[in-house]
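A quick note: this is a predicted structure, and the numbers were derived from the prediction, not measured. The sequence lines fix the lettering, A, B, ..., with proteins before strands; numbering per chain opens at 1.
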Amino acid sequence: MKFLIYRYDPESDKKPFMQAFELADDEIQPGMMLRDALLKIKSQDETLAFRHSCGEGVCGSDAININGANGLGCLTAVSSLKQPIEVRPVPGMPVIRDLVVDMSQFFKHYRGVKPWLIVHDSEPEVEYLQSPEDRDKLDGLYECILCGCCSTSCPSFWWNPDKFRGPAALLQSYRFLADSRDQATEERLEDLDGPYRMFRCHTIMNCVNVCPKSLNPTAAINNIKKLMVKDMV
Amino acid sequence: MSSALRDLPRRQFDSLVIGAGGGGLRAALQLAQADAKVAVVSKVFPTRSHTVAAQGGINAALANVLPDNWHWHMYDTIKGSDYLGDQDAIEYMCRAASKLVIELEHAGVPFSRLDNGKIYQRPFGGQSQNFGGEQAARTCAAADRTGHVILHTLYQQNIRAKTHFFDEYFAIDLIRDDNGFILGALVLEIETGEPLLIEAKTTLLATGGAGQLFRTNTNAHINTGDGLAMALRAGIPLQDMEFFQFHPTGIAGRGMLITEGARGEGGYLINKDGERFMERYAPHAKDLASRDVVSRAIFTEVKEGRGCGPNADHVMLKLDHLGKEVLEKRLPGICETSRTFLHIEPSEEPIPVYPTAHYTMGGIPTNRHGQVVVPVEQGEECIPGLYAAGECACVSVHGANRLGGNSLLDIVVFGRAAGNDIIKFLKENRYHRKIDEASVQAALDHLHRWDQKGEGESVAEIRADLKAVMEEYCGVFRTEEILQQGVEKVLEIEQRMKNVRLQDHSKIFNTARIEALEVENLLDIAVATVTSALARQESRGAHSRIDYPDRNDQQWLKHSLFFKEGRRLDYKPVTLQPLSVDTFPPKARVY
């Protein structure tokens, strides 16, 4: 099986290049994921740098660009991919080394939406009650693993990485707006107003196509817009 | 003073927390809210920590579904531990459980809900009402993503509290002075390859378990027990390392976890004849017996030729009778995992499973305040300034076998308890002590060992061999002969380690170097595990000796302590006296 992998070590390389690797047929097990293949390649060449951890799509470490589309290495079966399999860092972020990118900007936007529950009332000694129907509204939102596949595939995020919150952060914002326990709707909406933070979204929907957890940031963004309209009238 | 030592950048904090899983983050939150200056060092971005992978839930006797109270929970935990758990710590944990789960809910955890709006609870293994009676439903769940929601919520609360994070920094070694005080740690910034000394009045180890000891495991790549090895190197013993939990239902041959919640929701195990075999091994609790019991049963079924598949090497977890709706609602994560990795639809087909290395019951010995304790002539004493919490610690609330749903509880209860004790310590110790430069130099030397160039074995080879040896010689069933070979083989690998060389000497995000440091850590822990296992001549909880099939309370109702120096073993008594209620004396353990 043939691979072409993006390599760049700023200490030794003047510029990035694509390096070819090959795994023999007997090294390819049925059901093998791209992460397994990268680990095999790394055992041949330990200088290949990439992030990974849980291997089952819950930690969100191994977002990479696979044959042109963002995805998680651990959830992408190599058998489903056209060869040579081209693996690059997710686009639009500064590359630290090989497949490892600097995610600071992404997390800055995440922190920017105040991703925590805000309740102004005093706390009861028991749990806040929430009906199963209200809890259902968080499905499709709370499962986000912050891998960054969505935001780094979004042209609006590429153009305005410093100002546009990006799909991941906006999905998080809506996760709290949709929570019947949260009491900060107004300040959350105010915070997203203006031409950039949310309204740079042009419903290109790359985020939806690449999300490895099948979440829908575009729908979340639309729901925020609806809340804003409701807030105005 | 060497130039490396002179040029070493230094930062000062009141408190250092190493590890950003649930234990570390819960402690950090307690500290940040008390206005302590706290630094959290994590080798991965905090939400990548392995707490994220916990599925089934967190135990607390909320009694939202069935009658329950903390005392019943305490009994189940002690019985589950095969009486090796310390009863004071277990009482403390079970009493604190409800309050801390409510606190998590208030912090934003999106628990699943009952029709009356309260937190959803499901039955889990080893749970009973009324001290061994009917099945209880004590595990509070957010579908099957409970660890994910708890970790994310604790991280969110920490950014709200402005905790200082050192993301992607790897801890090398603890810094200790001649008086025995722990003064912080030497850490490595992974992105730049530069070392940094973090001076702190207290250091909390919350680095998680060491599931990467075994070839097939449910654990993340990062679970290399770094804190355990750091403690060993600082002269601190590890407690009860022979007790390693094998989860009954890892995906056969692959290792991905299928939550016990699957059986809690009504799933059950079958062998090749379609027989629900757990009825034979645990007539009362059946599939919801303790994990050690279910794992041994699966192992036995396969060994006796009743395994499934072309190689008869696993059993099946049957879920289809629960219906698609329940599965999608209560177990969406494992449905996804089954589809992705097995192309199996659990509402139609059973899932192939086999016992898989899962949880480190042993660890750094602590008391119920999270203080690290070591034996002295009479009793034991605290290591001043050092704390441990979560899977890397051994309080011991899990004893010889942990109950499902008690690990998420352990991390929040003892993360918080450690935070509280640290706040007290900081009040009594207002100033940083003078750094012991020799100790810093030793840590730097440890790091710079990996600068050696030339030909040698690779880290990958050593790691693969170590994991294979541990799986074969320190697995579910053990004997004197097998363990003796295991010790020899692990020590051989330790010798080979001296000749390992890195080929990658870049400073920038050098993952090869991090893996070398991790394998070093695993190796220290492997020696501790297999040595402790060889010495314990009885079967208790997860430690099953074919040559000593019975529990032996006369000789072995005691905790093991393994010291790195001289590979010495020592023992200390189990605390049988709870805080306020009567002792649960050891008795035969049947499910």
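Classification of B:Arg113 and A:Glu133 as a salt-bridged pair fails, no side-chain N sitting under 4.0 Å from a carboxylate O. Salt-bridge annotation for B:Lys507 and A:Asp9: absent, with no side-chain N of the basic residue lying under 4.0 Å from a carboxylate O of the acidic one. The residues A:Lys213 and B:Glu336 are annotated as salt-bridged, a charged nitrogen and a carboxylate oxygen being separated by less than 4.0 angstrom. B:Asp504 and A:Lys42 are not joined by a salt bridge, as no carboxylate oxygen comes within less than 4.0 angstrom of a charged side-chain nitrogen.
A donor and an acceptor atom, one from each side chain of B:Tyr120 and A:Arg135, are nowhere located under 3.5 Å apart. For the 3.5 Å distance criterion, the side chains of A:Asp45 and B:Gln503 fail to qualify, holding no donor opposite an acceptor.
Among B:Ser49, B:Ala460, B:Ala512, B:Ala143, the residue making the largest number of heavy-atom pairs under 4.5 Å with chain A is B:Ala512. Between chain A and the options B:Val44, B:Asp167, B:Asp115, heavy-atom pairs under 4.5 Å are most frequent for B:Asp115. Your options are A:Arg175, A:Glu143, A:Met103, A:Arg111, and the one with the most heavy-atom pairs under 4.5 Å with chain B is A:Glu143. No other option in B:His106, B:His221, B:Arg513 has as many heavy-atom pairs under 4.5 Å with chain A as B:His106. If you tally non-hydrogen atom pairs under 4.5 Å between each of B:Val109, B:Val101, B:Leu257 and chain A, the highest count goes to B:Val109.
Closest of all the heavy-atom pairs between A:Glu56 and B:Phe341 is CA-CZ, 3.9 Å. Nearest heavy atoms, A:Leu117 versus B:Ala107: CB-O, 3.9 Å.
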Does B:Lys99 form a salt bridge (charged side-chain N to carboxylate O under 4.0 Å, His left out) with A:Glu125? I'd like the steps, not just the answer. CA-CA 8 Å; B:Lys99 175 186 148 95; A:Glu125 78 291 5; over 6 Å; no
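Counting only distance, with no hydrogens or angles, the side chain of B:His50 and the backbone of A:Ser53 share no donor-acceptor pair below 3.5 Å. The main-chain N or O of B:Gly108 is found under 3.5 Å from a side-chain atom of A:Arg181 such that the two form a donor-acceptor pair. Here the side chain of B:His152 pairs no donor or acceptor atom with the backbone of A:Tyr142 at under 3.5 angstrom. Within the 3.5 Å criterion, the main-chain N or O of B:Ile119 finds a donor-acceptor partner in the side chain of A:Glu127.
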